[in-house]
Amino acid sequence: MTVLLGTLVLVGRVLLVLILVVLVLAVVLLLAPVGLAVRWTPEFGIVVQACAGPVRRMLYPWRHHQEPPKNKPDKKAEKQPAKAAAKPVSAPPASAVPPGRQAPEASAAAVHPAPSASGPQSTPQDSGAAAPEGEPEPPLPPVGPEPEELTPGEQDALLGAARLFFGALAPYRARLLKGVQVDRLQVFWTVTGEDAADTAVAYGRRIALSNNLLTLARQYLTIRAQSLRLEPDFTGTLAEKRIFSCQIRTRPYIILMILFYLMRRDKQGRSPLEQIQDKLAALT
């Protein structure tokens, strides 16, 4: 009996130690700083990395190797043309040549081909010559405006989605978002319209929308920006230099609480997350 009680006490102590270890690990994981590194460029698209201390993990895209693997040259295919080129062209045997005729010279036939009956053939030196007058040169493709300009309704939908997000976190909005930091924010964007006047009007609308979104976000988030630039691009040549990158740092328990408030349903049975999706549906 005493041995059985001692065994039960020992097992209880081991279980208690295991539970305490699991709780400590859960607290450490919930309080450990984590983050996302987001970067977008026209060349590579969007790249998202998860950060936990010094550890980084690629989240999107899965295949983060941007450059495709180089194809190895086929050595067999290279050797075959070389052998064919090295093999001399011999004249047909005398027995195969009909009487009264001479065997053709292989070297002369190989080096100087006979001209066709239709006319003289173009040589490599003639490749840069002008085209005939009857064939006009193909026109250059026209450079049109960018199809990404937001209409006033789409701008209102974007602002409405941002207000729904921040409004859903009340009354603990300030306490929750205080632990979310946006570091190393770098933005360079351009606006191009159909002509100079349309570009100026579109630039005015886009700069007003950007300032409103940034002002709204800075009321609740800690944002440290490196460079924020929005410029009108009248010629459309600066679009390939666009960039957006930032690092979002927070703690896992804050993410769980934000998801809880976004998925909480109201009296009509709808959650703020569904309302935000309805607003963003107008942008697609």
Side-chain angles (χ1 to χ4, degrees), residues 1-40 44-66 160-186 213 216-226 244-281:
M1 190 68 178
T2 305
V3 177
L4 181 60
L5 290 176
T7 304
L8 292 177
V9 171
L10 180 61
V11 172
R13 289 179 179 177
V14 173
L15 290 177
L16 181 60
V17 171
L18 290 177
I19 292 173
L20 291 176
V21 170
V22 171
L23 290 176
V24 170
L25 290 177
V27 171
V28 170
L29 291 177
L30 290 175
L31 297 179
V34 296
L36 291 176
V38 183
R39 182 180 179 86
W40 180 91
F44 299 105
I46 186 169
V47 178
V48 182
Q49 291 182 333
C51 309
V55 181
R56 288 177 175 264
R57 179 79 178 189
M58 181 69 67
L59 295 182
Y60 183 87
W62 293 107
R63 297 180 180 180
H64 56 278
H65 300 287
Q66 302 295 341
R163 292 191 181 98
L164 283 173
F165 172 79
F166 291 113
L169 304 181
Y172 305 104
R173 177 176 52 218
R175 186 178 301 177
L176 286 175
L177 297 181
K178 185 179 180 180
V180 180
Q181 296 182 359
V182 180
D183 298 331
R184 300 181 182 179
L185 178 61
Q186 182 181 2
L213 288 175
L216 181 62
R218 277 182 166 167
Q219 292 179 3
Y220 310 105
L221 301 175
T222 302
I223 300 177
R224 298 184 179 92
Q226 286 185 338
F244 174 86
S245 65
C246 68
Q247 291 185 1
I248 305 173
R249 299 183 180 276
T250 185
R251 301 183 186 276
Y253 80 93
I254 295 178
I255 298 176
L256 294 177
M257 295 187 68
I258 290 176
L259 290 176
F260 170 75
Y261 285 110
L262 289 178
M263 299 180 65
R264 187 174 52 179
R265 298 186 178 274
D266 54 9
K267 296 180 180 179
Q268 288 77 22
R270 302 197 64 193
S271 64
L273 186 60
E274 295 175 352
Q275 299 177 17
I276 293 174
Q277 291 176 351
D278 293 342
K279 289 287 187 181
L280 296 180

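All residue numbers in this chain count up from 1 along the given sequence.
To the nearest 0.5 Å, atom CD of residue Q181 and atom CD1 of residue I248 are 11.5 Å apart. Summarising the geometry, atom CE belonging to M257 is positioned 8.0 Å from atom OH belonging to Y172; distances are rounded to the nearest 0.5 Å. To the nearest 0.5 Å, atoms CG (L273) and CG (L259) are separated by 8.5 Å. Here the OG1 atom belonging to T250 is positioned 9.0 Å from the CG atom belonging to L176, to the nearest 0.5 angstrom. For the atom pair L169 CG and Y220 OH, the distance stands at 9.5 Å (nearest 0.5 Å). With values rounded to the nearest 0.5 angstrom, I254 atom CD1 is found 10.5 Å from K178 atom NZ.
Shown here is R175, whose CZ atom has no more than 12 heavy atoms of other residues, nucleotides or ligands within 6.0 Å. For CZ of R184, the number of neighbouring non-hydrogen atoms (other residues, nucleotides, ligands) closer than 6.0 Å is 12 at most. Counting heavy-atom neighbours within 6.0 Å of R173 CZ, excluding the residue itself, gives a total above 12.
Contact annotation: the side chain of F244 approaches that of L185 to within less than 4.5 Å [non-hydrogen atoms, C-beta and beyond]. No side-chain heavy atom of D183 sits under 4.5 Å from any side-chain heavy atom of C246. Between E274 and R265 there is a side-chain heavy-atom pair separated by less than 4.5 Å. In this structure the side chain of Y253 never reaches within 4.5 angstrom of the side chain of V27, judged on heavy atoms.
Of all heavy-atom pairs spanning A32 and P252, the tightest one is O-CD, 3.1 Å. Between R264 and A170, the closest heavy-atom pair is NH2-O, 4.1 Å. Scanning all heavy atoms of the two residues, the minimum distance from A168 to Y261 falls at O-CB, 3.7 Å.
Of the possible donor and acceptor atoms, one in the side chain of R251 sits under 3.5 Å from a partner among the backbone N and O of L31.
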For this session: Before giving the answer on side-chain contact (heavy atoms from CB on, under 4.5 Å), spell out for L216 and Q219 the whole-Å C-alpha distance, their side-chain angles and the decisive distance to 0.1 Å.
Result: CA-CA 5 Å; L216 181 62; Q219 292 179 3; 4.0 Å; yes
Checklist entry - Would Y60 and V38 satisfy side-chain contact (heavy atoms from CB on, under 4.5 Å), going step by step from the backbone distance to the final call? => result CA-CA 10 Å; Y60 183 87; V38 183; over 6 Å; no
